[in-house]
Amino acid sequence: SGYLHGKVDCERLEIVASGKVYGEVVCGELVIEPGGQFIGESRVREEGQVVALQHRHDNELLAAPEATGELQDA
């Protein structure tokens, strides 16, 4: 429910309405409540595999990098 800037590595991240996360997230489950903000990159773990996700920033859809396990600059 606060502000975080940096890298997060966790099983589950829940960003509530007053929360803001800026940076890189690697987690098994990511939940963002209405009003919560996430600006950055995320990767989700699925049975040992890392997959890149797409995110919206200011109504613009960012292209997801290929699912190679490496993130690229968008």
**Prompt:** Can any side-chain N or O of S42 pair as donor or acceptor with the backbone N or O of V25 at less than 3.5 Å?
**Reply:** no
**Item:** Side chains of E14 and E29 in contact at under 4.5 Å (non-hydrogen atoms)
**Value:** no
**Message:** If the condition is side chain to side chain contact (heavy atoms under 4.5 Å, CB included), which residues does K20 pass it with, not counting sequence neighbours?
**Reply:**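 Y3, Y22, Q37.
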**Item:** With L4, the side-chain contact (heavy atoms from CB on, under 4.5 Å) member among V21, I15, L13
**Value:**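 So the option named by the test is V21.
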**Prompt:** What closest approach, in Å, do P34 and A17 show between heavy atoms, and which atom pair accounts for it?
**Reply:** O-CB, 3.4 Å
**Prompt:** Which heavy-atom pair separates G28 from V44 by the least distance, and what is that distance?
**Reply:** O-CG2, 3.4 Å
**Request:** Write out all pairs satisfying salt bridge (charged side-chain N to carboxylate O under 4.0 Å, His left out) with one or both partners inside residues 1-11, taking only residues at least two apart or from two chains.
**Result:** D9-R45
**Item:** Pairing residues for E33 by the salt bridge (charged side-chain N to carboxylate O under 4.0 Å, His left out) criterion, not counting sequence neighbours
**Value:** none
